[in-house]
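Step one of this worksheet: look at the structure below.
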Amino acid sequence: MIIKKQEQAVDALLKQEIVALYQGLGEIGPRALGNRSILFDPRNKYGKKIVNMIKRRENYRPFAGTILLEHAKDWFHMGNINESPHMLYSIPVKEDKIDLIPAIVHVDKTCRVQTVTEQQNKFFYNLIKAFYKETKVPILLNTSLNLAGDPLVNTYDEAVETIEQAGIKYLYVNI
């Protein structure tokens, strides 16, 4: 189902559905930076297994968390890192937060973090902010919109084809 309303996307995430995100220009490289992403609720303790199964990849492979920048230091030991907009760092999760976001915590209790601001990606930022208002968790599990062995989705038609192949019910678009 193609959805264009933020409320529909948040509702799907709250119902433990995977939501694919397609907007703006394509992305280059191995990171899902919020234009071509598969998103899921990081609070789900089976989240890694669910999303890895959909992506058809090994169960041990971890996922990133995209967090509103203003909350990053509340959830992660950021140290001298002020922001991480390109998922370049695996950062320790604060002890009191580990059990709240099991789908994105790696075995070493870190998470590959992407911070996002409204200026960087307003559409994605507002989705996470709406999820935060409902859950008090300012983070979404984020991984690239592709299946194992396939290149990252570039076009809208590729996005539709990928969600159909994967059995993902929702494609949230901003086009």
Practice item. Establish, yes or no, whether a centroid distance under 6.0 Å links the rings of H106 and F63. Key: no
Practice item. Output, in order, the C-alpha distance, side-chain angles, deciding distance and verdict of side chain to side chain contact (heavy atoms under 4.5 Å, CB included) for T66 and F124. Key: CA-CA 9 Å; T66 301; F124 193 28; 3.4 Å; yes
Check your understanding: So do F131 and L140 actually touch side chain to side chain, heavy atoms under 4.5 Å?
Key -> yes
Review point. Would Q114 and N142 count as having a side-chain donor-acceptor pair, cut-off 3.5 Å?
Key: yes
Point to revise | Side-chain donor or acceptor of N59 paired with backbone N/O of N52 under 3.5 Å | key: no
Review point. Taking atom CZ of R112 and atom CE of M87, what is their separation to the nearest 0.5 Å?
Key: 5.5 Å
Check your understanding: Looking at CE of M78 and OG of S84, how far apart are the two atoms once the value is rounded to the nearest 0.5 Å?
Key -> 6.0 Å
Review point. What are the two closest non-hydrogen atoms of R36 and L152, and how far apart are they?
Key: O-CD1, 4.1 Å
Check your understanding: Please walk me through it: do K109 and I98 pass side chain to side chain contact (heavy atoms under 4.5 Å, CB included)?
Key -> CA-CA 7 Å; K109 298 187 176 143; I98 290 172; 3.5 Å; yes
**Study point:** Side-chain heavy-atom pair T115, Y89 within 4.5 angstrom cut-off
**Key:** no
Check your understanding: Can L147 be reached from I163 by stepping across I, L, V, M, F, W or Y side chains whose heavy atoms are under 4.5 Å apart?
Key -> no
**Study point:** Heavy-atom neighbours of K97 NZ exceed 12 at 6.0 Å
**Key:** yes
Point to revise | Shortest non-hydrogen separation from A103 to G47 and the atoms involved | key: CB-CA, 3.8 Å
Review point. To the nearest 0.5 Å, how far apart are NZ in K73 and CD1 in I81?
Key: 9.5 Å
Check your understanding: Do the rings of F123 and Y172 sit parallel, tilted or perpendicular, given the 30° and 60° boundaries?
Key -> parallel
Point to revise | Option among Q165, E161, R56 that satisfies the side chain to side chain contact (heavy atoms under 4.5 Å, CB included) test with D150 | key: Q165
Practice item. Indicate if I91 and L33 have the same hydrophobic cluster label, given that clusters are the connected sets of ILVMFWY residues with side-chain heavy-atom separations under 4.5 angstrom. Key: no
Practice item. State, with a plain yes or no, whether a side-chain heavy atom of R43 is found less than 4.5 Å away from one of L100. Key: no
Review point. Do L145 and T162 have side chains that get closer than 4.5 Å, going by heavy atoms?
Key: yes
Practice item. Scan side-chain atoms only and decide if T117 and K122 contain a donor-acceptor pair under the 3.5 Å cut-off. Key: no
Exercise for review: Kindly give the heavy-atom pair with the smallest separation between Y156 and V173, and that separation in Å.
Suggested key: CE1-CG1, 4.0 Å
Check your understanding: Any side-chain heavy atom of N174 within less than 4.5 Å of one from K4?
Key -> no
**Study point:** Nearest heavy atoms of K133 and K136, plus distance in Å
**Key:** O-NZ, 3.8 Å
Point to revise | Closest non-hydrogen atom pair between R57 and P62, with its separation | key: NH2-O, 2.9 Å
**Study point:** Hphob cluster co-occupancy, I67 + L14, side-chain heavy atoms under 4.5 angstrom
**Key:** yes
Check your understanding: Is there a donor-acceptor contact under 3.5 Å linking the side chains of E158 and N146?
Key -> no
Check your understanding: Do F40 and V19 come close enough that some side-chain heavy atom pair is under 4.5 Å?
Key -> no
Revision key, fill the gap. To the nearest 0.5 Å, atom CG of N35 lies from atom CG of L21 at 7.0 Å
**Study point:** Any side-chain heavy-atom pair of I3 and L171 under 4.5 Å
**Key:** no
Check your understanding: Is there a path from I175 to L25 through hydrophobic residues (I, L, V, M, F, W, Y) whose side chains come within less than 4.5 Å of each other?
Key -> no
Exercise for review: Would you check if there is a donor-acceptor pair between the side chains of T110 and D108 at a distance under 3.5 Å?
Suggested key: yes
Review point. Minimum heavy-atom separation for P42 to V137, with atom names?
Key: CG-CG1, 4.1 Å
Point to revise | Interatomic spacing from SG in C111 to CD1 in I101 - rounded to 0.5 Å | key: 6.0 Å
Exercise for review: May I ask whether L69 and V113 are part of the same hydrophobic cluster, defined by side-chain heavy atoms of I, L, V, M, F, W, Y residues being less than 4.5 angstrom apart, directly or through others?
Suggested key: no
Review point. From L127 CG over to Q23 CD, what is the distance, rounded to the nearest 0.5 angstrom?
Key: 9.5 Å
Check your understanding: Does the side chain of D41 pick up a donor-acceptor pair with the side chain of Q16 at under 3.5 Å?
Key -> yes
**Study point:** Crowding at NE2, H77 (>12 non-hydrogen neighbours, <6.0 Å)
**Key:** yes
Review point. Can I168 and I54 be said to form a side chain to side chain contact (heavy atoms under 4.5 Å, CB included), step by step?
Key: CA-CA 8 Å; I168 296 172; I54 288 291; 3.7 Å; yes
Exercise for review: Test D74 against K94 for side chain to side chain contact (heavy atoms under 4.5 Å, CB included), laying out the working first.
Suggested key: CA-CA 8 Å; D74 297 330; K94 291 199 170 182; 5.6 Å; no
Practice item. With the side chain counted from C-beta on, respond yes when I38 and K55 share a heavy-atom pair under 4.5 Å apart, and no when they do not. Key: yes
